[in-house]
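Residue numbers start at 1 and run along the sequence shown.
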Amino acid sequence: MSVSHASIHPVEDPTTTDGGNNNAPRVRMKDIQGMPGTKGGLALRLSQFIFAVAALSVMASASDFASVTAFTYLVVATSLQCLWSLCLAIVDIYALLVMRSLQNYRIVISFAVGDGIASTFTFAAACASAGITVLIDNDLNSCDDNHCLQFETATAMAFISCFSALTSFLLNFWSLASR
């Protein structure tokens, strides 16, 4: 058995330039822009909120949106997206003001799950509204009698809000997966 012992073959401790502090904290990529509690995360929340409010207000301004179930579903889904985004934007603003990190596992998982649910609802509603808008415009050729421009604008705003929420979901999910 050929084992060397420290007393026979001494090994010197490498010198460090930081004054001997070998317990320096490891660098983690926890403040990637777009994650909760960052300026990028706040920008994503505000864009979700602004586009969801735009979709909601444009669709609600049409007098006959309630006659189509898909358009009513779009109003409900964008209302949910508005509330969710506004609440999390307030949390992000608070975290930025007090310089607190929101990288707690439970916080990030709740953000990820909520973003996933909200973006799925908004995407489903936008797809249903897009289908009805195409039906009215292309197949029935009755855009003169309806508010097609409003329906198309609200649907486009809902898609943009959905993709903004999806970006936030993917960043939060990535943060959870990289732990």
**Message:** Please find the pair of heavy atoms, one from A154 and one from A55, that lie closest to each other, and give the distance.
**Reply:** O-CB, 3.3 Å
**Message:** Distance check, rounded to the nearest 0.5 Å: S142 atom OG versus I136 atom CD1?
**Reply:** 6.0 Å
**Prompt:** Between V75 and L80, is there a shared hydrophobic cluster once you connect ILVMFWY residues whose side-chain heavy atoms come closer than 4.5 Å?
**Reply:** no
**Request:** Return the minimal non-hydrogen interatomic distance between T155 and S129, and the atom names on each side.
**Result:** OG1-CB, 3.5 Å
**Item:** Side-chain donor or acceptor of S161 paired with backbone N/O of Q48 under 3.5 Å
**Value:** yes
**Item:** Straight-line distance of D137 CG to C148 SG, nearest 0.5 Å
**Value:** 5.0 Å
**Prompt:** Is there side-chain contact between I90 and Y94, with heavy atoms separated by less than 4.5 Å?
**Reply:** no
**Request:** Check the angle between the aromatic planes of F173 and F169 and answer parallel, tilted or perpendicular using the 30° and 60° thresholds.
**Result:** parallel
**Asked** Do T133 and E152 have a side chain donor and acceptor closer than 3.5 Å?
**Response** no
**Fill in**
CG (L170) and CZ (F163) are apart, to the nearest 0.5 Å, by 11.5 Å
**Request:** Please check if I132 and F65 belong to a single hydrophobic cluster, counting links between Ile, Leu, Val, Met, Phe, Trp and Tyr side chain heavy atoms closer than 4.5 Å.
**Result:** yes
**Prompt:** Got V108 and L102 here, is their nearest side-chain heavy-atom distance under 4.5 Å?
**Reply:** no
**Prompt:** If we only count heavy atoms from C-beta on, is the D64 to H147 side-chain gap below 4.5 Å?
**Reply:** yes
**Prompt:** Side chains of Q81 and F51: does their closest heavy-atom pair fall under 4.5 Å?
**Reply:** no
**Item:** Non-hydrogen atoms of S119 and C162 that approach each other most closely
**Value:** O-SG, 3.5 Å
**Minimum side-chain heavy-atom gap F121-Y73 below 4.5 Å** = yes
**Item:** Minimum-distance pair of heavy atoms, taken over all atoms of L96 and G37
**Value:** CD2-O, 3.2 Å
**Message:** Please give me the minimum heavy-atom distance between W174 and M35, naming the atom from each residue.
**Reply:** CE3-CE, 3.7 Å
**Request:** Kindly give the heavy-atom pair with the smallest separation between T153 and L149, and that separation in Å.
**Result:** OG1-O, 2.7 Å
**Request:** State the CZ-CG distance between F111 and D92, to the nearest 0.5 angstrom.
**Result:** 5.5 Å
**Request:** Indicate, with yes or no, if L176 and I117 share a hydrophobic cluster defined by side-chain heavy-atom contacts under 4.5 Å among Ile, Leu, Val, Met, Phe, Trp and Tyr.
**Result:** yes
**Prompt:** Atom CD1 of I107 and atom CG of N172: how far apart are they, to the nearest 0.5 Å?
**Reply:** 11.0 Å
**Message:** Are the side chains of L56 and S79 in contact, using a 4.5 Å heavy-atom criterion?
**Reply:** yes
**Message:** Run the disulfide bond (SG atoms under 2.5 Å apart) test against C87 and tell me which residues pass, sequence neighbours left out.
**Reply:** none
**Prompt:** Do F71 and Q150 have side chains that get closer than 4.5 Å, going by heavy atoms?
**Reply:** no
**Message:** Is the shortest side-chain heavy-atom distance between L42 and L46 below 4.5 Å?
**Reply:** yes
**Asked** So, S47 and S164: side-chain donor and acceptor under 3.5 Å apart, yes or no?
**Response** yes
**Asked** How many angstroms lie between CD1 in I50 and CG in L86, if you round to the nearest 0.5 Å?
**Response** 11.0 Å
**Asked** Would you call R45-D115 a salt bridge at under 4.0 Å N-O?
**Response** yes
**Prompt:** Would you call the rings of F123 and F159 parallel, tilted or perpendicular, where under 30° means parallel and over 60° means perpendicular?
**Reply:** perpendicular
**Request:** Look at the side-chain heavy atoms of Ile, Leu, Val, Met, Phe, Trp and Tyr, link any pair under 4.5 Å apart, and say whether V68 and F151 land in one connected group.
**Result:** yes
